[in-house]
Amino acid sequence: MAKVVTALTSKSSQLWVAARPKLQTAWKYAKVELRPPTLRELPEVQNGIQKLIVSAQTGGYRKLTVKEAWLNTLVGAEICFWFFAGECIGKGGLIGYNIPGATNWELHF
């Protein structure tokens, strides 16, 4: 038993030493990228929405390169996935909402 504990602690310390720089880099980017927009950034958001509307009206989206279109598709998919993840977290499960009185979960024989 002592050998197993010693092996696990040595492996976990080696894993921590190897993963630490990557975790620090991830934390550095997460603090910047995952925060909500500040009040100073709201005009930029409004300008971006206006550009999107103008692009849709004038057909400017047709002039995108394949790389830009693919990046826009990935961003849209990420927004969609985060929406569905939030829905699952909010309702507490993958399937449906639990509305008291709306369903009867008792077994009937």
Side-chain angles (χ1 to χ4, degrees):
M1 182 68 179
K3 288 182 180 181
V4 172
V5 172
T6 306
L8 283 175
T9 55
S10 67
K11 290 288 184 183
S12 64
S13 64
Q14 289 173 357
L15 180 64
W16 174 251
V17 169
R20 192 172 198 180
K22 293 183 180 188
L23 289 173
Q24 287 175 340
T25 304
W27 180 248
K28 180 179 81 171
Y29 288 121
K31 285 193 296 186
V32 175
E33 296 294 331
L34 296 178
R35 67 171 175 75
T38 62
L39 290 176
R40 282 186 243 140
E41 295 172 342
L42 289 180
E44 295 176 25
V45 173
Q46 186 179 9
N47 290 338
I49 292 172
Q50 287 175 349
K51 286 181 184 178
L52 182 65
I53 292 170
V54 168
S55 174
Q57 290 173 345
T58 61
Y61 58 89
R62 295 181 195 154
K63 297 175 185 164
L64 291 175
T65 64
V66 173
K67 187 174 183 177
E68 290 171 338
W70 178 243
L71 183 62
N72 291 344
T73 303
L74 288 177
V75 169
E78 181 182 9
I79 291 169
C80 181
F81 293 146
W82 279 114
F83 171 77
F84 288 125
E87 279 287 313
C88 291
I89 292 169
K91 64 185 173 187
L94 293 176
I95 302 171
Y97 290 94
N98 185 14
I99 302 170
T103 56
N104 187 357
W105 296 104
E106 296 175 5
L107 293 176
H108 300 284
F109 293 103

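Computed from a predicted model, the values in this text were never measured in an experiment. If you read the sequence from its start, that first residue is 1, and numbering goes on from there.
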> Which residues pass the side chain to side chain contact (heavy atoms under 4.5 Å, CB included) test with W27, sequence neighbours left out?
Replying inline: K31
> Mind checking what makes side chain to side chain contact (heavy atoms under 4.5 Å, CB included) contact with T38, not counting sequence neighbours?
Replying inline: R35, R40, E41
> Looking at CG of L52 and CD of Q57, how far apart are the two atoms once the value is rounded to the nearest 0.5 Å?
Replying inline: 10.0 Å
>> Among residues at least two apart in sequence or on other chains, which ones pass side chain to side chain contact (heavy atoms under 4.5 Å, CB included) with I79?
In response: V75
>> List the residues meeting side chain to side chain contact (heavy atoms under 4.5 Å, CB included) with R20, not counting sequence neighbours, and say none if there are none.
In response: W16, Q24
>> I'd like to know if the side chain of S55 and the backbone of K51 have a donor-acceptor N/O pair within less than 3.5 Å.
In response: no
> Which ILVMFWY residues are connected to I53, directly or by a chain of links, through side-chain heavy atoms under 4.5 Å apart?
Replying inline: V45, I49
>> Could you measure the distance from the CG atom of N47 to the CD atom of E44? Nearest 0.5 Å is fine.
In response: 8.0 Å
> About how many Å separate CZ of F81 and CG of L74, when rounded to the nearest 0.5 Å?
Replying inline: 9.5 Å
> Just wondering, are more than 12 heavy atoms of other shown residues or ligands nearer than 6.0 Å to CD in E33?
Replying inline: no
> Among pairs that include at least one residue of residues 74-93, which meet salt bridge (Lys or Arg N to Asp or Glu O under 4.0 Å), considering only residues two or more places apart or in two chains?
Replying inline: none
